[in-house]
There are 2 protein chains.
Amino acid sequence: MSLTAKGLATRARIVEGAADYLRGTDDGEITLDDVRALTGTSKGQLFHYFPDGKDELLLAVVRLEADRVLDDQQPYLGDLTTWASWERWRDAVVARYRAQGTRCPLNALMGQVGGVPGAADVARTLVGRWQGHLADGIRAMQATGDVRADLSPERTAAALVAGIQGGVLLLRTTGETAHLEAALDVLLDHLRAS
Amino acid sequence: MSLTAKGLATRARIVEGAADYLRGTDDGEITLDDVRALTGTSKGQLFHYFPDGKDELLLAVVRLEADRVLDDQQPYLGDLTTWASWERWRDAVVARYRAQGTRCPLNALMGQVGGVPGAADVARTLVGRWQGHLADGIRAMQATGDVRADLSPERTAAALVAGIQGGVLLLRTTGETAHLEAALDVLLDHLRAS
DNA sequence: ATGAAAATGGACTCTCAAGTCCAGAACTGC
DNA sequence: GCAGTTCTGGACTTGAGAGTCCATTTTCAT
C-alpha cells in the first residue's frame, strides 16, 4: 500500500482530528465513529490507512503528541545555559499545561490509552530525550560555575522530569497548577542554591 | 437495603477481590465478569450490593486503595521528626512501589479508571492529607533547626508529592524506580542542604 | 414456626463499538 | 483512454460487557 498525495492528506487529517479531539477530552476515550464524524471520513478509510485498526491510529496520535511536547518547550529547552533561559523554560512548561487545563494529551494518552502497544516505547524515548536536554543544561551551568559540580546532572534531571510528570498528573485531578509550579520552583531553587 | 453480617462479608469480598485483581493488572481494566469469577459471585449479587453498577464498585475500590497508600507509609509518615525517620519513610515509599512493579493501584485507578465519578475527590483528599503529613514533618524539622526556616513547608511538600506521583508514573511506563528515587533523593537533599 | 427481608444464581436483553466486506468513484501512469 | 491502483462510502457482522429480571434459597425477627 503506497500513498498518493491525496491519501497522505487524508491520513494526516485523521490523525490530527483524533489528536484534537483527544486534547479536548478528560477521559481520553475516543471511538472510531467519533473519528469518522470529526474528520468526515468513512470506516473504510480508517481501516485503509490504519490496517491494524484503532491501536495503530492511536499510536500515530501518541507519536504526534510526543513530538509536540518537546517542541512546545523550545527554544529554551535546547539552550539551558543561563538562569534566564531556565526561567523562560519553566514558564513555558507551566503555560503549556495551564492552557491545557485538566487535559493533557500525552499524560492522558499514556494513562488511559496506555493499552496501546508501542506507546510505552514512545514514552520512554520522549522521557529519555527530555531528561537528556535537562541534563545537558545542568552540565552547561556547571561548566560556567553557576551550579555546583558535585551535583549529578542525570539524577537531578530525572527528578525534574518526575516532578513535572507528577505535577501534570495532579493538575489533571485537582485542576490546579500549584503542584507543577512547586515541583519546578523547588527543584530550580535546588540548582541555584547548590 | 440494610446489610446483614453475611451481606457485609460478601460486599467486602467483592471489593477486595476487585482491588486485588486491579493491583495485578497493567491496564487497569476490569469487567464485572472478571469480578464474578474472582469472587465467586453472581451478577445479581454485584448489583445487589452496588445498585449503581460498576462505577459504584470501582469507587469503593478507589477508596480502599487510597486508604492503603498512607497506611503503607506508616508509622514513618506520621512522625517525620528526625532524618532517620525521613530516610525510613523514603525507603518505605520506594519499597512499596518497587514491589508493585509496573502496576500501581491508585495511579492506575486515577488514570485509567479516572472516569469514575467521585474518584477525583478521593484523590484530592488523599493528596491533601499526604502533603499535610509531609508539611508537618518539614515544620517539625524546622522547629529543631534541622531545616532552614525560610523554606516553605507547603510548597516543598507539594514538590515531594508531585515528585513521587511522577516517579510512580514513570515507574509504570519504564519499569524502573530510577525516577522515583531521584525525585525523593534530590528533594531530601534539598531539605538537608538548606 | 412463619412471614418478611435479604442474599443468591443465572439466563436474558440491549447497546455500543471494533472490525469486515465489497462495490463504486477517482486518480495514476503509460 | 484504459488498465491498474488507490480512495471512498456505508451496510453488515461480531463480540464484549453492562445492566435487568425473576425465581429460589437463606437468614432474621418475633
Side-chain angles (χ1 to χ4, degrees), chain A residues 1-19 21-22 24-62 108-109 112-119, chain B residues 1-19 21-22 24-62 108-109 112-119:
Chain A
M1 179 194 70
S2 58
L3 297 185
T4 67
K6 187 182 180 189
L8 274 166
T10 302
R11 200 195 123 104
R13 200 172 79 244
I14 292 171
V15 176
E16 276 156 26
Y21 178 87
L22 281 166
T25 193
D26 279 334
D27 54 5
E29 305 280 340
I30 194 172
T31 70
L32 292 186
D33 280 329
D34 291 334
V35 178
R36 248 188 357 85
L38 248 46
T39 60
T41 48
S42 64
K43 267 297 182 52
Q45 285 167 291
L46 260 36
F47 283 86
H48 180 68
Y49 295 108
F50 305 94
D52 288 342
K54 198 183 178 185
D55 280 351
E56 190 181 353
L57 166 56
L58 287 179
L59 186 55
V61 173
V62 168
L109 282 172
Q112 280 118 56
V113 192
V116 180
Chain B
M1 178 195 72
S2 59
L3 296 186
T4 68
K6 187 182 180 189
L8 274 164
T10 303
R11 201 195 123 105
R13 199 172 81 243
I14 293 171
V15 176
E16 276 156 26
Y21 178 88
L22 281 166
T25 192
D26 280 334
D27 52 6
E29 306 281 338
I30 193 171
T31 70
L32 291 185
D33 280 331
D34 291 334
V35 179
R36 250 189 356 85
L38 248 44
T39 60
T41 48
S42 65
K43 267 294 180 57
Q45 285 168 290
L46 261 37
F47 282 86
H48 180 67
Y49 295 108
F50 304 94
D52 287 343
K54 199 182 178 185
D55 280 351
E56 191 182 352
L57 166 56
L58 288 179
L59 186 55
V61 173
V62 168
L109 282 173
Q112 280 116 55
V113 192
V116 180

Next on the checklist: By the 4.0 Å heavy-atom rule, please label Ile30(B) as base, sugar-phosphate, or nothing.
Outcome noted: sugar-phosphate
Checklist outcome for this item: From the candidates dA18(C), dG19(D), dT8(C), the one with an atom nearest any side-chain atom of Phe47(A) is dA18(C)
Item to check | Gln45(A) vs dC7(D): side-chain N/O to OP1/OP2 distance below 4.0 Å | outcome: no
Checklist entry - dA7(C) phosphate, OP1 or OP2: any side-chain N/O from Lys6(B) under 4.0 angstrom? => result no
Item to check | Gap between atoms CG and P, on Asp52(B) and dT20(D) respectively (whole Å) | outcome: 10 Å
Checklist entry - Over how many whole Å does the gap from Glu29(B) atom CD to dA18(D) atom P extend? => result 10 Å
Checklist entry - Under 4.0 Å: is that the gap between some side-chain N or O of Thr4(B) and OP1 or OP2 of dA7(C)? => result yes
Item to check | Distance in angstrom units between Leu32(A) CG and dT13(D) P, rounded | outcome: 19 Å
Checklist entry - Within the pair Thr10(A) and dC7(D), is there a side-chain N or O less than 4.0 Å away from OP1 or OP2? => result no
Next on the checklist: Can you measure Asp55(A) atom CG to dG19(C) atom C1' for me and round it to whole angstrom units?
Outcome noted: 12 Å
Checklist outcome for this item: Picking from dA7(C), dC7(D), dA18(C), the nucleotide nearest the side-chain atoms of Leu3(B) would be dA7(C)
Checklist entry - Any side-chain heavy atom of Val35(B) within less than 4.5 Å of one from Leu46(B)? => result yes
Item to check | Whole-Å distance separating the CG atom of Leu8(A) from the P atom of dT28(C) | outcome: 12 Å
Checklist outcome for this item: Rounded to whole Å, CG of Leu46(A) lies from C1' of dG10(D) at a distance of 13 Å
Checklist outcome for this item: Scanning both residues in full, the closest heavy-atom pair of Ala60(B) with Arg11(B) reads CB-NH2, 4.2 Å
Checklist entry - Out of curiosity, Thr31(A) OG1 to Leu38(A) CG, how far, rounded to the nearest 0.5 Å? => result 9.5 Å
Next on the checklist: Can you tell me if Ser2(B) touches the phosphate of dA6(C), counting only side-chain N or O atoms and a distance under 4.0 Å to OP1 or OP2?
Outcome noted: yes
Next on the checklist: At 4.0 Å (heavy atoms only), tell me whether Gly44(A) reaches a base, stays on the sugar-phosphate, or touches nothing.
Outcome noted: base
Checklist entry - Rounded to whole angstroms, how far apart are CG on Leu58(B) and P on dG17(D)? => result 14 Å
Checklist entry - Does some side-chain heavy atom of Phe50(B) sit less than 4.5 Å from a side-chain heavy atom of Leu59(B)? => result no
Checklist entry - Rounded to the nearest Å, what distance is computed from the CG atom of residue Leu57(A) to the P atom of nucleotide dA17(C)? => result 15 Å
Item to check | Candidates dA11(C), dA18(C), dA6(C) - which lies nearest the side chain of Lys43(A) | outcome: dA18(C)
Checklist entry - Taking only N and O in the side chain of Tyr49(B), is any of them less than 4.0 Å away from OP1 or OP2 of dA6(C)? => result no
Checklist entry - Which heavy-atom pair separates Thr41(B) from Ile14(B) by the least distance, and what is that distance? => result CG2-CG1, 4.1 Å
Checklist entry - Nearest to the side chain of His48(B), which nucleotide is it out of dA7(C), dT8(D), dT6(D)? => result dA7(C)
Checklist entry - Taking the side chain of Ser42(A) as its heavy atoms from C-beta onward, which of dG10(D), dA7(C), dA18(D) lies nearest to it? => result dG10(D)
Item to check | Candidate list Leu57(A), Val61(A), Leu22(A), test side-chain contact (heavy atoms from CB on, under 4.5 Å), partner Ile30(A), passing option | outcome: Leu22(A)
